[in-house]
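Notes for the one structure printed next.
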Amino acid sequence: MDTKFRSSRAYKRQYSLCISNALVKNCVKYNIEQITHICYQIARAASLYNVVELVVMDIEDEAEGGDNANPGEIKEFGPKGQKKIKFDKTLEPKGASPAAESQPKPPVYSPETMIILVLLQFFVTPPYLVKSIFTKEQQKYLRYAKKLPMIPTLPFMQNGDVHAKYKEGLSVPQYSSTIHVKRWKTPDGKIKKRKRGSNNLKTRFVDIGRDTLFELEKGQEVPMNVRVTVDLKKKIVVSPLDAYGITGLKSNFGYSVRAVKDFHQIYTESGNPDGYSRSCFVEAGDFFINQSHTQDHNMEKLPMIDNSEEFKDGQEHLLVVITRWRELQEFFKADNSDMLKEMKSCESMFDNRLEIINGTKIEDAVLIALAKLES
């Protein structure tokens, strides 16, 4: 390895962290600044403790349906009063080619979930790629996030001359100005036409924040609109493991984010092809735990996680779900998929539990739980 920077910490395992959109609902009048700081706290903890996937449960709150009847809009209350904020329905790189009409439409997530996804993704995005990845509408939600310090544990924030050899980029067409049009004219006068529904096109050009696009070596082609790590000297795409000494899911650095509308999707849509080695539940965010609730708490039947147990088949990938048990149980019951019909309660989907102090906020529980699991 000829770069000076390598990850000096050996982690016990990889983590997938699952939280709910209640993070936003618990904020005072959807205060964007408060939401930003909560997501920043979670992003810092995730980057510190080898979290490779962040899953957000899109839990609908019927009690608030009257206020947020429009699924793509919430109302922010700030110093200047009430202001509407509209959210895009999907979180994908700006300029992504439209899918074919025959393909199913992507799910529409609640605005609470969308702002969490946008903020969490922003905190692991290099500054020079923000305009390429986020739309103008999404960038409006980042006004407070841009003022916060960058997370120091991210590879592109490290020292050791890593910038001189490797850089993160976004694959784009050769003529980036044509990314939003159906046809364009090349320098030699030829007319190029984009095929309808062509979202699997490949390219040799990568946006790495320079004035001109970075061109890969001949024979090096990657799908358009994907994040890649490039070797600046060899002009090839490399794994973050080779560049930084650490990697996440699907050969990406840092964590990936996704949302789920049904309970079973937490497990069936895992970013890890092999799924999860184990699953662990951590209760947090419930400030009104009483004796009757404790007696009915089926999660207490689960064994405590043995942190000293070694995983023999490679590195363990642990799913950690941090939320209120009652909220998780309701999310489970609302899932009508066939695979959950024979299960009466969601505790059957977990192998272990981890106890922390009652009444801990979810954003605080993330750091506490990860620290205990890595101790």
Side-chain angles (χ1 to χ4, degrees), residues 7 9-20 42 45-57 59 120 241 246-252 254-260 262-286 297-329 331-333 335 337 339-340 342-357 360 362-375:
S7 176
R9 178 166 184 175
Y11 296 97
K12 285 186 176 181
R13 53 179 73 92
Q14 285 186 333
Y15 298 96
S16 283
L17 183 64
C18 181
I19 56 178
S20 77
I42 294 174
S47 300
L48 182 63
Y49 285 105
N50 202 27
V51 173
V52 296
E53 181 185 38
L54 277 167
V55 186
V56 182
M57 294 182 288
I59 300 178
L120 291 176
L241 184 62
I246 187 171
T247 186
L249 295 179
K250 299 179 181 179
S251 296
N252 292 320
Y255 57 75
S256 60
V257 296
R258 66 183 177 97
V260 295
D262 296 306
F263 184 89
H264 74 274
Q265 293 175 330
I266 299 175
Y267 297 87
T268 60
E269 298 182 1
S270 170
N272 185 15
D274 298 327
Y276 305 118
S277 309
R278 286 188 295 174
S279 55
C280 178
F281 174 75
V282 181
E283 177 154 33
D286 197 337
H297 202 314
N298 295 329
M299 282 294 180
E300 293 196 352
K301 299 177 182 178
L302 291 173
M304 294 290 293
I305 189 168
D306 184 2
N307 207 30
S308 62
E309 182 181 352
E310 294 186 1
F311 192 70
K312 298 179 181 179
D313 300 329
Q315 189 178 36
E316 182 181 12
H317 191 152
L318 179 65
L319 170 66
V320 183
V321 179
I322 303 179
T323 186
R324 295 186 303 165
W325 178 81
R326 289 179 290 184
E327 184 176 56
L328 187 65
Q329 182 73 341
F331 190 54
F332 173 85
K333 292 179 179 179
D335 191 342
S337 62
M339 63 182 65
L340 299 180
E342 298 180 359
M343 300 180 183
K344 297 182 179 180
S345 183
C346 61
E347 72 268 8
S348 56
M349 300 293 294
F350 293 90
D351 300 297
N352 303 99
R353 63 186 175 93
L354 177 68
E355 280 191 352
I356 60 175
I357 299 174
T360 304
I362 294 178
E363 59 269 27
D364 295 330
V366 169
L367 181 59
I368 294 172
L370 292 173
K372 292 186 70 173
L373 290 169
E374 276 293 314
S375 62

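Residue numbers run from 1 in the order of the sequence given.
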With the side chain counted from C-beta on, respond yes when Phe281 and Leu328 share a heavy-atom pair under 4.5 Å apart, and no when they do not.
yes
Residue pair Gly285 / Arg324: nearest heavy atoms and the distance that separates them:
O-CD, 3.4 Å
With rounding to the nearest 0.5 Å, note down the distance linking SG in Cys280 to OH in Tyr15.
9.5 Å
How many angstroms lie between atom OG of Ser277 and atom CG of Asp351, to the nearest 0.5 angstrom?
9.5 Å
State the CG-CG distance between Leu318 and Leu373, to the nearest 0.5 angstrom.
6.0 Å
For Ile322 against Ala284, the heavy-atom pair lying closest together:
CG2-CB, 3.8 Å
Drop me the distance from Leu370's CG to Leu48's CG, to the nearest 0.5 angstrom.
8.5 Å
For Leu120 and Tyr255, run side-chain contact (heavy atoms from CB on, under 4.5 Å): C-alpha distance rounded to whole Å, both residues' side-chain angles, the deciding distance at 0.1 Å, then the answer.
CA-CA 9 Å; Leu120 291 176; Tyr255 57 75; 4.0 Å; yes
If you define the side chain from C-beta out and look only at heavy atoms, does anything of Tyr267 sit under 4.5 Å from Ser279?
yes
Could you walk me through whether Thr268 and Met339 pass the side-chain contact (heavy atoms from CB on, under 4.5 Å) test, one step at a time?
CA-CA 10 Å; Thr268 60; Met339 63 182 65; 3.7 Å; yes
Under a 3.5 Å distance rule, please check whether Asp335 uses its side chain to pair with a backbone N or O of Ser337 as donor and acceptor.
yes
For the residue pair Ile59 and Phe331, what are the closest heavy atoms and their distance?
CG1-CD1, 3.7 Å
Picking from His317, Glu53, Glu316, Gln14, what satisfies side-chain hydrogen bond (donor to acceptor under 3.5 Å, both in side chains) with Tyr276?
Glu53
Could you pull out the closest heavy-atom pair between Met349 and Phe332, with the gap in Å?
CG-CE1, 4.5 Å
May I ask you to test the Val257-Val56 pair for a side-chain heavy-atom distance under 4.5 Å?
no
Leu17 vs Leu54, side-chain contact (heavy atoms from CB on, under 4.5 Å): CA-CA, chis, key distance, verdict
CA-CA 5 Å; Leu17 183 64; Leu54 277 167; 3.4 Å; yes
Taking Glu374's backbone N and O only, do any of them form a donor-acceptor pair with Arg13's side chain (distance below 3.5 Å, no angle check)?
no
Once you round to the nearest 0.5 Å, how far does CG of Leu302 lie from CG of Leu354?
12.0 Å
Before you tell me yes or no, could you show the steps for Ile305 and Arg278 under side-chain contact (heavy atoms from CB on, under 4.5 Å), namely the whole-Å CA-CA distance, both residues' side-chain angles and the distance that decides it to 0.1 Å?
CA-CA 10 Å; Ile305 189 168; Arg278 286 188 295 174; 3.9 Å; yes
Does the side chain of Val55 come within less than 4.5 Å of Glu269's, by heavy atoms?
no
Output the distance between atom CE (Met57) and atom CD (Gln265), rounded to the nearest 0.5 Å.
12.5 Å
